[in-house]
Visitor: 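What follows is a structure written as structure tokens; I'll ask about it next.
Sequence lines set the chain letters: A, B, ... in the order given, protein chains first and strands last, and positions in each chain run from 1.
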There are 2 protein chains.
Amino acid sequence: MSPSKDNPTERRRPATVSIRDVAQRAGVSIATVSRAVNHISTVNAELAQRVWKAIEEVGYLPNTQARALVSGRSKMLGLIVSEITNPFFPELVQEFENLAVAQGYEVLIGSTNYDPARTESLMRRLLQRNVDGVAVMTFGVEEDLVKKLVEREFPLVFVDAAPDLSNIHVLKVDYAEGIRQGVQHLAALGHRRIAFISGPLTQRSPRARREAFLKSMAELGLKVPPEHLVEGSHNMEGGITAMERLIALPELPTAVMCSNDMTAIGALHALYRTTHKVPEDISVVGFDDIHLAQFMLPPLTTVQMSCRDLAAAAVEGLRAGIEQDHPRHGRREWHIPTRLVVRQSSTFPRGSLPALVSGTQPKRSGS
Amino acid sequence: MSPSKDNPTERRRPATVSIRDVAQRAGVSIATVSRAVNHISTVNAELAQRVWKAIEEVGYLPNTQARALVSGRSKMLGLIVSEITNPFFPELVQEFENLAVAQGYEVLIGSTNYDPARTESLMRRLLQRNVDGVAVMTFGVEEDLVKKLVEREFPLVFVDAAPDLSNIHVLKVDYAEGIRQGVQHLAALGHRRIAFISGPLTQRSPRARREAFLKSMAELGLKVPPEHLVEGSHNMEGGITAMERLIALPELPTAVMCSNDMTAIGALHALYRTTHKVPEDISVVGFDDIHLAQFMLPPLTTVQMSCRDLAAAAVEGLRAGIEQDHPRHGRREWHIPTRLVVRQSSTFPRGSLPALVSGTQPKRSGS
DNA sequence: TCAAAGACGGCAAACGCTTTCCGCAAAGGT
DNA sequence: ACCTTTGCGGAAAGCGTTTGCCGTCTTTGA
């Protein structure tokens, strides 16, 4: 049996209300509706009023797809992160999304899970969805692809580790300075044997942080034996196993600086399990200042990187790339400052009395 | 190799390659290209081959917007969560995204932050973007709006606390059973004075969990004095302050069940700060089994709800709603099972020896 | 009073794609 | 050999917007 084919008004279409319905309701042409919606000044105020009323009445929502099709801009931004399950990123995502939405953009989020193939297909998906720009908050995107996009003048923002290309916006997190803040804090407390747990060294940014650590230590005239440099994976598991390696050393370092907070949290756990006391036996310093850090036991001393600043710079950078008609004036860098947040996971090394330390300079010698 | 210099189709648009370019390259009509792309069987295999080769050569990506415009489906799904910064949700988001992408869908994520106004505008944004369906993984969406959408047969999936409407897909997490598993575990260990830290009671699902707790306790003939029911906020801060209230009681309960893991983690912290030992002084049980739970100190006993199952059911439910042409056969429920995961944050109440537990009431010795 | 100028709103052409319809050619039946 | 059936490709009609181009109606200066 064939269903109601007799009723021509009942179509198979979803009951979506289009600009035509508004036009009919307001007794104007669809062009006028469009102009009213877009606040074009040439439309008579009284007419515009009527249009808005009609819009309200029929519950009209402009179809973004159609709009995108004709305007060439989708008003969507791509956001690529490493791992959405790493607590640092949701905070970033949140900020990014708030800012983007405030500017009328929607956000497509993707996580690469450090997998190049995944990254590639993610990029592809984003392009296919016609995002107006992409913020790459992770590392290891194919240079080829990036180069092609840059040639097209496709808006891109990288954090920290961008391919060496001009015409790219880069958010420079000052790892050098941030790590130095952490190291100097520890050194000022009297630590000399400071270990470092890095992120995955296959990637650029973790390597940069490790370099920054070595440089900071060198500046202070402190040596770093190779066994004090262990590789983690920027998550808790990595922090745990890395810390276990340090614990297994004949002599425990008196402090450990970590490449990010999750690593530090992992380190705290490993230490707790082996009944080492933090900070009495060993000081731990993180990097990022994720929300969780302040709730650790003990609350984690860490280097703050404001993900609000980061998100703001990313959105602003993308907007600049999108909304200017003229070609960009070359690579633009945004400086993201860092700030040491001292909590309770760091203190004087065991045996060094507070009284002796206060008054001495960071560049102290002797033990 | 473009002989057409005076071709009026050549505009100053961004260098996006369209179906026409492919058609030209392959020497066929655009219709053929479209059919080849969509794997329509009537296309000659050899021709299709040529088309695919051309697609590869010119680097063609079908414009999703245009496709959505004509097909009426955007191949995008909305995912509404409470707080993306709450570690439970990124795990869910991850799973959901993986599944959706595997089916050719993109995901638009939004967090409500428990703010009805935000939720409303989020919903609006999603509809305007023409998502094909929305999974609502939070609570407190306006009934009116939902009703309107349901009337339109707009695919919606709710978790647990859906408005009382037919024709809705609901993922029923078995809180009653989950909470009971937790409570019975504690009771079996010999606990009788079990407190409960709920989520924000303004919302439906937290209330449901609280009811489940009361019911489970009643089943066991255990009384719950009102001061043992405290309200949290489903995050760490809420867990901390709630636990502090319990600690301030003249007599500490021997165990506390929490409405979710973040609350439990907060509780652990509050207890640690006040030098109470977990689980010796008090057992703590969570709910959700987020990744973090196993890394707590001590590792958290909790009730697992598989967010993979949850995500899978959500995606499947939406797909069913989207891809079937016939009207739905009424409300459909998906049952999400729970499972107790015993770790080290729960044990016998102090003073109750393991051997004595079965049959005797726990002996309390003061403070 | 008339014409020129100016406002303003409508028509219609894209935007990139899918899909229906139609014509042409080849295949199959008698 | 003719007529019917079938298959496949091309042309074209939209999908819901925006926007350039005109036509019309009002305003204003001489």
Visitor: Determine whether the side chains of B:Arg308 and B:Asn98 contain a donor N or O and an acceptor N or O closer than 3.5 Å.
Guide: no

Visitor: To the nearest Å, how far apart are A:Arg50 CZ and C:dC8 P?
Guide: 15 Å

Visitor: Counting only side-chain nitrogens and oxygens, does B:Asn44 get under 4.0 Å of the OP1 or OP2 atom of D:dG9?
Guide: no

Visitor: In residues 23-31 of chain A, what residues come within less than 4.0 Å of DNA chain C, judged by heavy atoms?
Guide: A:Val28, A:Ser29, A:Ala31

Visitor: Has B:Thr42 got a side-chain N or O lying under 4.0 Å from the OP1 or OP2 atom of D:dC8?
Guide: no

Visitor: So if I take every side-chain heavy atom of A:Leu47 and compare against D:dG9, C:dG9, C:dT18, which nucleotide ends up nearest?
Guide: C:dG9

Visitor: Measuring only between side-chain heavy atoms, which start at C-beta, is A:Leu79 closer than 4.5 Å to A:Val93?
Guide: yes

Visitor: Using a 3.5 Å cut-off and no angle test, enumerate the donor-acceptor pairs between side-chain atoms of residues 100-111 of chain A and protein atoms at least two apart in sequence or in another chain.
Guide:
from	atom 1	to	atom 2	distance (Å)
A:Gln103	OE1	A:Arg319	NE	3.4
A:Gln103	OE1	A:Arg319	NH1	3.1
A:Tyr105	OH	A:Glu323	OE2	2.8
A:Glu106	OE1	B:Arg125	NE	3.2
A:Glu106	OE2	B:Arg125	NE	3.2
A:Glu106	OE2	B:Arg125	NH2	2.6
A:Ser111	OG	B:Gln94	OE1	3.1

Visitor: Tell me: CZ of A:Arg129 to P of C:dC17, nearest whole Å?
Guide: 14 Å

Visitor: Nearest whole Å is fine: how far is D:dT18 P from A:His39 NE2?
Guide: 12 Å

Visitor: Take the protein atom CG of B:Asn63 and the nucleotide atom C1' of D:dG16, then report the distance between them rounded to whole Å.
Guide: 14 Å

Visitor: Taking the side chain of B:Arg35 as heavy atoms from C-beta outward, which of C:dC17, C:dC21, D:dT17 is closest to it?
Guide: C:dC21

Visitor: Quick one: side-chain contact (heavy atoms from CB on, under 4.5 Å) partners of B:Glu316, sequence neighbours excluded?
Guide: B:Trp334

Visitor: Atom CZ of B:Arg20 and atom P of C:dC17: how far apart are they, to the nearest Å?
Guide: 7 Å

Visitor: Quick one: does any side-chain atom of B:Asn86 pair with a main-chain N or O of B:Phe89 as donor and acceptor, under 3.5 Å?
Guide: no

Visitor: Tell me the interatomic distance from A:Leu69, atom CG, to C:dC17, atom P, rounded to whole angstroms.
Guide: 9 Å

Visitor: Can you tell me if CZ on A:Arg50 sees more than 12 non-hydrogen neighbours from other groups inside 6.0 Å?
Guide: yes

Visitor: Rounded to the nearest Å, what distance is computed from the CD atom of residue B:Gln65 to the P atom of nucleotide C:dC15?
Guide: 15 Å

Visitor: Holding to side-chain contact (heavy atoms from CB on, under 4.5 Å), I want the full list of residues that pass it with B:Ala312, two or more places apart in sequence or in another chain.
Guide: B:Leu99

Visitor: When you get a sec, tell me which of C:dT18, D:dT18, D:dC15 is the closest nucleotide to the side chain of A:Val70?
Guide: D:dT18

Visitor: Using five pairs at each end of the helix from C:dT1-D:dA30 to C:dT30-D:dA1 to define an axis, what is the angle between those two axes, to 10°?
Guide: 50°

Visitor: Considering every strand and a 4.0 Å limit on heavy-atom distances, what is the contact class for B:Thr32: base, sugar-phosphate, or nothing?
Guide: sugar-phosphate

Visitor: Sequence neighbours left out, what passes salt bridge (Lys or Arg N to Asp or Glu O under 4.0 Å) with A:Lys53? Give chain and number order.
Guide: A:Glu57

Visitor: Has B:Gln128 got more than 12 heavy atoms of other residues, nucleotides or ligands less than 6.0 Å from its CD?
Guide: yes

Visitor: Whole Å only: how far is the CZ atom of A:Arg73 from the P atom of D:dT19?
Guide: 11 Å

Visitor: Report which part of the nucleic acid A:Leu61 touches: base, sugar-phosphate, or nothing (heavy-atom distance under 4.0 Å, all strands).
Guide: sugar-phosphate

Visitor: Please examine the side chains of B:Phe96 and B:Leu310, heavy atoms only from C-beta on, and report whether any two atoms are closer than 4.5 Å.
Guide: no

